[in-house]
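Working notes for the structure below.
What you see below is based on every heavy atom in this structure, not just the backbone, and it leaves out hydrogens, waters and symmetry mates. The shown structure was predicted, so the numbers you read here are calculated from the model rather than taken from an experiment.
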Amino acid sequence: MNKILFTPLLLLSSLFSNAQKIVLETWEDKPKLHTLDKQFQNESAVVLYDLRRMEYYDEKDGLVGFKTLHRIVKVLDDKGIESYNKIYLGVANSNDILDIKARSIQPDGKIVNLDRNDIKDYKDDEGNMYKIFAIEGLVKGSEVEYYYTYKRSASFFMKEIIQESIPVVESNVEIIGPKRLIFEPKVFNISTITQSLDTSDAERRIVRFKQQNIVGAENEKYSNYRSNLQRIEYKLSYNASRSTSERLFTWNELAKRVFDIYNQISDKDFKRIGDFIDKNKFDAYNSERDKIVAVEQYIKKNIRTGEDIDGQDFENIEKILKNKIASHGGIIRLYAGIFSRLGISYNFVLTGDRSTFTLDKSFENWSNAENTLFYFPNLKKFMAPTALEYRFPWIRPDWGGTNGLFCKSTTIGSFNTAVGEVKPIPLEDYTSTLNNIEASVTIDPVKDSLLIDIKQIYTGYTSAIYRATFTFTSAEEQRNILKEMVKFGTKSENIVSSKLENADFESYPDNKPFVLSASVRANELMERAGDKILVKIGEIIGPQVEMYQEKPRQFPMELDYGHILDRTIEFKVPEGYKLKNPEDLKINHVYLDNGKQTMGFVSDYKLEGNKLKIRITEDYRLLYYPVSIYEDYKRIINAAADFNKIVLVLEKL
């Protein structure tokens, strides 16, 4: 996406003004500790003041950006101290830091200032570089204050997340730029906020946001935490030195750029692609679907790609076909060339990620359009070219169930281009994603244990992780994972035999179920209590999530994908015994919306002679469930946990 989002500075920095000095932050020379309201007495820490400022200035080489962050945090217990005794700076190069100050203010008034020489380098698990420094002298009731300003690239698509896990008493966001540049902001997950535009400065345009008393956000189960936090996004929409009516960075413009970049294939490369198609006989397949499947299977099996692969050689079609390695941009161009040569109609689709940030139809923040899909209009299906663990028509579920920018090719005269349309990316129907269990349970009276024949059956989105696991990991890792999977429904590692079916990716496009079959001896699920036998039958469905929350629910419930869990358990009651509590197996919690079921958990049984047949059906047919039905959602989730705890009691006749 870097090439797509690249913006020529000549467009934006016309009519250079003289470089201006940015206003650096200051603080009180003799600070006083703040008094907190009683509502915060049970918090670990409270953000008293938070300022984010992004400033744009003209320099001789073009437009540059400066980012400022100023915070005051009061720590109230050991957890708060641990959270704020180290400060991470969002900057890698010390030379980019224009100004930095930090201090701690102790309850007795003592002030401990930061020595700039104590700033260290820090590298996180993903390889990102930051600066880090320690805050000395923190005790309960201390306050941490720090600010810094650093130079950064002039990005025209930004976001500031102003809500976090602890309360924020006051939050301020400022966007400052040359008068000619008109930035358009939009708030998300915020009902009301104070916004002001300051035009008193003859040279600069200043937009300010102020929000007070932001509650701390819990990381709740079944919610996408980051995407639900209060935030402010902004983008450059107009350059008044050129026009106040010509909108910049529209979705249409992005669609054209995507089309141009991914369709830049020379005549020589187009011929090479033709030879590649002939060699692999892709055009021998009769249907468009089969051609797409064959191309995807070959590329994902033979050509390596990844976010860490970058450089011109990995964009070059000739070298990709020769060396079998490509950047994400290169692999998308290769797919596009193959599909074009095969005469397959397609659209590029740009999408965000439901776990973080997604596309808003009315607000063109290009930075949220970070993932690329292919859409095949004749089939009305999608393909994820850079997601190795998915196959047509299955895409990463967090890239769907949300808006995408469909880049539809069109011809104007003799010129080929694209127009953009933002619309939903539907996921496959919930009925195609199953997580099923079939189990047969008998008691071995000789060894005083259960004999369990169990099948775990996965289809649709949920099968992707298992196919990937048994395709890309070592034999030893696969054995360990298989043990854990069997243990999930039996609590036992005493596996007598096991077998996998359809673990390959070739089975995925047809949605053939990934099946693990195992025979297990499980001492862990049975015990004797005098003349009684106790069978932990509920544990056959595996451990289940329990939802209990002291504070009111904040965020709506959101699933990765709709799905069905269908479990059947057949238990043979041994001779000379009877079931004391079969009615415990009956649970029925179903939620109806306007008479239509959207989720539910139902378990029931039949007793035919000495055979107990149990059926458990649990389904979630939607991706989103509003906060207003949280109690109903919780009841259904907890029903599975309740079933998991059921113990059958067998009494002697």
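When each of N644, L450, I569 is checked for a side-chain contact (heavy atoms from CB on, under 4.5 Å) with I537, only I569 meets the rule. Remark: of the listed residues K491, K645, R567, K491 is the sole one forming a salt bridge (charged side-chain N to carboxylate O under 4.0 Å, His left out) with E539. When the options V75, L36, V168 are evaluated for a side-chain contact (heavy atoms from CB on, under 4.5 Å) with V46, the one that passes is L36.
Each ring pair (Phe, Tyr, Trp, His ring centres under 6.0 Å) pair with one or both residues in residues 498-518, not counting sequence neighbours, appears once here: W394-Y508, Y466-F514, F470-F514, F472-F505. Evaluation of the side-chain hydrogen bond (donor to acceptor under 3.5 Å, both in side chains) test over residues 433-446, restricted to residues two or more places apart or in two chains, returns D444-R521. Note on residues 536-558: no pairs pass ring pair (Phe, Tyr, Trp, His ring centres under 6.0 Å), not counting sequence neighbours. For the ring pair (Phe, Tyr, Trp, His ring centres under 6.0 Å) condition, no pair includes a residue of residues 567-615, sequence neighbours left out.
Ionic pairing of D593 and K596 is not present here: no N-O contact between side-chain nitrogen and carboxylate oxygen is shorter than 4.0 angstrom. Salt bridge annotation for K586-E583: present, with a cationic side-chain nitrogen under 4.0 angstrom from a carboxylate oxygen. Taking a cutoff of 4.0 Å between a charged side-chain nitrogen and a carboxylate oxygen, K536 and E527 qualify as a salt bridge. A salt bridge between D566 and R615 is present, with a side-chain N of the basic residue lying under 4.0 Å from a carboxylate O of the acidic one. One finds no salt bridge joining R391 and E296 here, because no Lys/Arg side-chain nitrogen approaches an Asp/Glu carboxylate oxygen to under 4.0 Å. For R635 and D642, the salt-bridge test fails: no basic side-chain N is under 4.0 Å from an acidic carboxylate O.
Side-chain contact annotation: D310 with S327, donor-acceptor N/O pair under 3.5 Å absent. For S463 and R467, the side-chain atoms include at least one donor-acceptor pair closer than 3.5 Å. For the 3.5 Å distance criterion, the side chains of D619 and Q597 qualify, holding a donor opposite an acceptor. Between the side chains of S507 and D504, a donor-acceptor pair is found at a separation under 3.5 Å.
For K634, the side-chain hydrogen bond (donor to acceptor under 3.5 Å, both in side chains) partners two or more places apart in sequence, or in a different chain, are E631. With sequence neighbours left out, the side-chain hydrogen bond (donor to acceptor under 3.5 Å, both in side chains) criterion links S355 to D353. Remark: Y390 pairs with no residue by the ring-ring contact (aromatic ring centres under 6.0 Å, His included) rule, at least two apart or across chains. Considering only residues two or more places apart in sequence or on other chains, D584 meets the side-chain hydrogen bond (donor to acceptor under 3.5 Å, both in side chains) condition with N581. Considering only residues two or more places apart in sequence or on other chains, H563 meets the ring-ring contact (aromatic ring centres under 6.0 Å, His included) condition with Y561, Y620. Under the rule for a ring-ring contact (aromatic ring centres under 6.0 Å, His included), Y630 has no partner lying at least two apart in sequence or in another chain. Residues satisfying the ring-ring contact (aromatic ring centres under 6.0 Å, His included) criterion with Y130, sequence neighbours excluded, are absent altogether. Listed by chain and residue number, nothing satisfies the side-chain hydrogen bond (donor to acceptor under 3.5 Å, both in side chains) test with N323 (two or more places apart in sequence, or in another chain).
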Open item on the list: For a side chain to side chain contact (heavy atoms under 4.5 Å, CB included) check, start with the C-alpha distance between L612 and L648, then their side-chain angles and the critical distance, and finish with the verdict.
Closed with: CA-CA 11 Å; L612 175 68; L648 290 178; 3.7 Å; yes
- [ ] Could you give me the CA-CA distance, side-chain angles and deciding distance for Y222 and Y633, then say whether ring-ring contact (aromatic ring centres under 6.0 Å, His included) is met?
- [x] CA-CA 10 Å; Y222 297 103; Y633 185 88; 5.6 Å; yes
TODO: Kindly determine whether F382 and Y375 satisfy ring-ring contact (aromatic ring centres under 6.0 Å, His included), including the steps that lead there.
DONE: CA-CA 5 Å; F382 297 86; Y375 174 66; 4.8 Å; yes
TODO: Might you work through the side-chain hydrogen bond (donor to acceptor under 3.5 Å, both in side chains) test for S492 and N494, ending with a clear yes or no?
DONE: CA-CA 5 Å; S492 175; N494 189 359; 5.2 Å; no
Open item on the list: Could you walk me through whether R231 and N189 satisfy the side chain to side chain contact (heavy atoms under 4.5 Å, CB included) test, starting with their C-alpha distance in whole Å, then the side-chain angles of each, then the deciding distance to 0.1 Å, before giving a yes or no?
Closed with: CA-CA 7 Å; R231 70 181 188 274; N189 307 315; 3.7 Å; yes
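Within 6.0 Å of CD1 on I132 lie more than 12 heavy atoms contributed by other residues, nucleotides or ligands. Within a 6.0 Å radius of NZ in K572, no more than 12 heavy atoms belonging to other residues, nucleotides or ligands are found. Within 6.0 Å of the CG atom in N286, the count of heavy atoms belonging to other residues, nucleotides or ligands does not exceed 12. Applying the 6.0 Å contact sphere to NZ of K86 captures no more than 12 heavy atoms from other residues, nucleotides or ligands. Heavy-atom neighbours of K532 NZ from other residues, nucleotides or ligands within 6.0 Å: at or below the threshold of 12.
Interatomic distance, CZ of R396 versus CG of L388, reported as 12.0 Å (0.5 Å rounding). Rounded to the nearest 0.5 angstrom, I540 CD1 and I452 CD1 are separated by 4.0 Å.
Side-chain contact check for L525 versus V441: every heavy-atom pair is 4.5 Å or farther apart.
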